[in-house]
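Report on the structure given below.
Bear in mind the structure is a predicted one, so any value in this text is a computation, not a measurement. Every heavy atom of this structure was used, including side-chain atoms; hydrogens, water molecules and symmetry mates were not. The first residue in the sequence is number 1, and the count goes up from there.
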Amino acid sequence: MKKFLLTWYGITDFRASLGFESTEGPIAAALAAEDYSEIVILGYTRSDLQDHAPTPACADLATRLAAIHAANQQHDRGVTNDFISTFANTPAAHEHYLRWLEAQLQKFGRHSCISLKSETLRELNDSEGIYACAMRALDFVAKAAGEKLVTLYLSPGTPVMAFMWALAALAHPHLKKRLIVSPVVGKPPEAIALPAEWLERHGASQTAIGNVHEGFAVTYHLFGEQRMPSLLGIRQFASDRHVFVNSQDFPATCMRAFIQDADFYELPVDPWDAKDVQERIIAHARTLPPGARIGVNLTGGTKLMFAGALSAARALGAVPFYFDSRNQRVTYVDSLHREIIRPIDSIETFLLLNGDGLKVSTAEPQDEFSADRCRLTRTLWKYRSKIADAYTDLCRFNNEHERCLQRDEPLTPFRIECHGFVFAFTREAEASVVGNGLNLHFKHWTGFAKYMSGGWFEEFVYLQCKPYEERGIIRDLRINLTLQLNQGMTGSFHRDVQHNELDVTFTDGHSLYIVECKAGKVTQEQVMKLQNLVRFYGGVEGRGIVACCFPPRSDSVRKKISDAKLALCCGGSFLEQLNSLMNGIAGRTRLAREPA
């Protein structure tokens with residue numbers, strides 16, 4: 001039978017390998033006490049190494065370590081702590097420790113195979129990252145052929161690492177394993193057992209989670225200011241009934257549009273009283289048939305609502321789950337098992353969820369722009385600095401044309417010359433652009449003045465985003481999406497927001513992106529408008545992009561964009577910045593698709 005030892009290695013082990021401790025460290029002590037076929041060691045690697053120049057190298061470590069011992073400073077805490085802060089949790093430290101441990105095994109007369117896996121975490125106590133590392137290690141061992149005994153060593157590393165080993169062990173019920181700890185320095189490790197109640201509860205929850213894709217008889221959703229968590233729960237799991245646990249401040253009637261034929265019910269609670277939340281959920285669940293499958297969506301509401309609902313879920317034998325929208329995962333709380341959140345394909349879903357009386361009045365797909373119009377758009381981008389001098393006149397004609405269209409009057413003709421261009425518009429609504437390599441003519445283009453006074457840049461941004469939609473990086477790309485107020489909805493808390501037109505919008509399947517396009521200068525008022533639109537219609541995960549032909553000159557505008565956490569794509573760097581933004585979206589999507 002193969003015997004595996006799985007463990008993190010910590011600072012005490014590293015210090016022992018450097019000769020800074022009077023002991024050999026927890027891992028070496030465990031290997032001295034017992035023989036193992038294979039040893040899998042996880043080494044935490046700092047995520048900030050790219051900011052350090054240069055990254056500590058093995059030669060640097062060896063040189064400085066030799067100098068410390070030569071000066072007999074290996075027991076000087078100040079000197080050794082400085083050394084540890086420089087080299088701990090780096091590839092150089094991992095290589096040094098691995099070589100030292102292999103040498104120790106030879107002294108013990110052992111012939112184990114050792115592998116050290118570098119694991120980069122967001123921080124030292126990144127619980128989800130640590131759990132994922134532990135699961136990968138156990139999955140690796142589980143795939144090994146033949147009979148095996150797996151020993152999980154909890155003492156090295158942080159308390160969170162020890163806790164995650166215990167949780168990961170529960171996820172492999174058929175793998176023969178044991179847990180060991182080293183309570184006393186210098187003595188062999190001791191075996192421990194997980195509490196029987198925990199094992200019993202975990203077994204029940206695992207059975208329930210295993211059948212989760214069959215759906216629920218009822219799902220309880222904690223409902224508050226943010227509506228997206230409830231929508232994610234509705235989309236993720238089928239349910240015969242949806243119960244929205246809320247307060248009078250946040251009615252859930254807007255969710256009726258998403259539950260189709262399922263039953264809708266609101267359960268009023270005190271959001272600041274965990275016991276009230278727990279008791280009301282349990283009381284409502286007692287009206288269900290015996291054995292009804294229950295899901296509890298813990299993502300919305302207050303922290304006290306979370307605590308009360310989690311207690312209720314455990315008392316009812318329900319499946320509590322939580323949506324981590326930032327990492328695009330749904331987590332089953334009692335097991336930390338995770339799955340990918342189902343993506344949202346349409347931006348209209350976001351607008352319907354958060355619109356409060358707004359509806360999309362231009363829902364038709366965008367017609368393809370003609371080849372000549374695309375050529376014109378690209379040329380205007382190339383000469384954006386020159387045509388800016390014509391914006392004053394173009395905007396004046398655009399305003400006149402809008403008034404004429406409203407009155408059903410003939411449009412005012414115009415002819416504007418600007419840096420080698422001639423922009424002309426006739427009474428018959430024929431438009432032409434001549435100069436700088438162009439000789440283009442368009443029939444019946446009533447929106448020509450609007451296009452020339454800035455609409456061309458919206459189309460340019462749309463055309464630059466289009467290849468990313470075709471590659472599947474973004475979804476449902478729209479231009480000039482018009483929102484119309486439903487006058488019958490008098491209770492809208494968005495009634496003071498300017499609802500007109502969204503220049504460019506799209507989604508990555510999880511967030512709504514709104515792009516504000518400016519061919520001229522950008523003002524603080526425009527930035528604030530975009531910030532409000534993103535917050536209202538996209539929620540906490542909404543994203544805003546300021547796209548502009550010229551970099552903002554004002555420091556106050558730049559600061560406002562930064563403070564609002566909006567992306568900026570501007571000037572000569574526009575294409576590079578847009579590509580970087582899209583690569584970030586693609587990278588997050590790839591990470592989300594990796595096994596949880």
Side-chain angles (χ1 to χ4, degrees), residues 328 343-351 360 362-382 384 447 450-452 454-483 500-520 522 526-527 529-531 533-534 537-539 541-552 561 564-590 592:
Q328 301 175 17
I344 299 173
D345 294 323
S346 172
I347 62 170
E348 291 180 45
T349 300
F350 294 93
L351 300 175
V360 178
T362 53
E364 298 81 10
Q366 172 62 46
D367 292 334
E368 291 297 323
F369 297 113
S370 68
D372 280 350
R373 187 155 162 172
C374 291
R375 182 186 174 196
L376 174 58
T377 298
R378 289 192 296 268
T379 302
L380 294 178
W381 166 254
K382 180 179 179 181
R384 59 190 179 278
K450 179 179 181 181
Y451 170 87
M452 287 302 307
W456 71 267
F457 183 57
E458 296 169 9
E459 294 187 14
F460 178 79
V461 174
Y462 174 85
L463 291 172
Q464 300 310 307
C465 291
K466 192 65 177 177
Y468 297 101
E469 182 187 36
E470 293 169 351
R471 289 162 53 188
I473 294 175
I474 61 175
R475 308 172 188 220
D476 199 20
L477 176 66
R478 306 281 191 95
I479 184 172
N480 301 145
L481 194 71
T482 303
L483 303 177
N500 289 313
E501 194 174 79
L502 304 181
D503 294 343
V504 175
T505 50
F506 60 85
T507 178
D508 60 357
H510 301 278
S511 299
L512 175 67
Y513 288 75
I514 302 177
V515 188
E516 183 77 5
C517 304
K518 293 300 169 188
V522 182
Q526 291 164 347
V527 175
K529 173 191 172 185
L530 175 60
Q531 182 183 11
L533 289 172
V534 170
Y537 306 130
E541 292 300 327
R543 300 288 184 266
I545 302 170
V546 178
C548 45
C549 285
F550 311 104
I561 292 172
K565 297 183 179 179
L566 303 173
L568 177 63
C569 299
C570 61
S573 302
F574 174 86
L575 297 178
E576 179 182 347
Q577 291 166 337
L578 180 65
N579 184 63
S580 176
L581 186 148
M582 293 296 180
N583 286 341
I585 293 175
R588 289 191 293 274
T589 301
R590 283 195 300 271

Taking all atoms of both residues into account, what is the closest heavy-atom pair of I344 and T507, and its distance? O-CG2, 3.7 Å
Could you please spell out the steps behind the side-chain contact (heavy atoms from CB on, under 4.5 Å) verdict for L376 and Y451? CA-CA 11 Å; L376 174 58; Y451 170 87; 3.5 Å; yes
By side-chain contact (heavy atoms from CB on, under 4.5 Å) - contacts of Q577 (at least two apart): C569, C570, S573
Cationic tip of R378 above W381 ring, under 6.0 Å, 45° of axis: no
How many angstroms lie between atom CD of E516 and atom CD of Q526, to the nearest 0.5 angstrom? 6.5 Å
What are the two closest non-hydrogen atoms of L530 and I545, and how far apart are they? CD2-O, 3.6 Å
Looking at F506 versus Y513, is the centre-to-centre ring distance below 6.0 Å? yes
Contact between L380 and F457 at the side-chain level, heavy atoms closer than 4.5 Å - yes or no? no
I473 and P467, any side-chain heavy atoms less than 4.5 Å apart: no
Applying side-chain hydrogen bond (donor to acceptor under 3.5 Å, both in side chains) as the test, list every pair that has at least one member in residues 464-473; sequence neighbours left out. K466-E469, Y468-N579
Using a strict threshold of under 4.0 Å (side-chain N to carboxylate O), is an ion pair present between R588 and E541? no
Tightest non-hydrogen contact, residues L566 and V527, listed as CD1-CG1, 3.8 Å
D503 and C517 have their tightest heavy-atom pair at OD2-N, 2.8 Å
Check whether any side-chain heavy atom of H510 lies under 4.5 Å from a side-chain heavy atom of T589, and answer yes or no. no
Should L512 and Y537 count as side-chain neighbours, where that means a heavy-atom distance under 4.5 Å? yes
I want to check something: taking the side chain as every heavy atom from C-beta on, are E459 and I479 in contact at a cut-off of under 4.5 Å? yes
Rounded to the nearest 0.5 Å, how far does CG of L578 lie from CD of E576? 11.0 Å
Intermediate values then yes/no, side-chain contact (heavy atoms from CB on, under 4.5 Å), V504 and L477: CA-CA 7 Å; V504 175; L477 176 66; 3.7 Å; yes
What are the two closest non-hydrogen atoms of F550 and A519, and how far apart are they? CE1-O, 3.3 Å
Residues R478, E348: salt bridge by 4.0 Å N-O rule: yes
For D372, what residues pass the salt bridge (Lys or Arg N to Asp or Glu O under 4.0 Å) criterion, not counting sequence neighbours? none
R384 to G571 - nearest heavy-atom pair and separation: NH2-C, 3.8 Å
Distance col, row D508:CG vs I585:CD1, nearest 0.5 angstrom, shows 5.5 Å
Determine whether L351 and L481 make a side-chain contact, defined as any pair of heavy atoms from C-beta on separated by less than 4.5 Å. yes
What's the spacing between L581 CG and R543 CZ if we round to 0.5 Å? 10.0 Å
To the nearest 0.5 angstrom, please state how far the CZ atom of F460 sits from the CG atom of L575. 5.0 Å
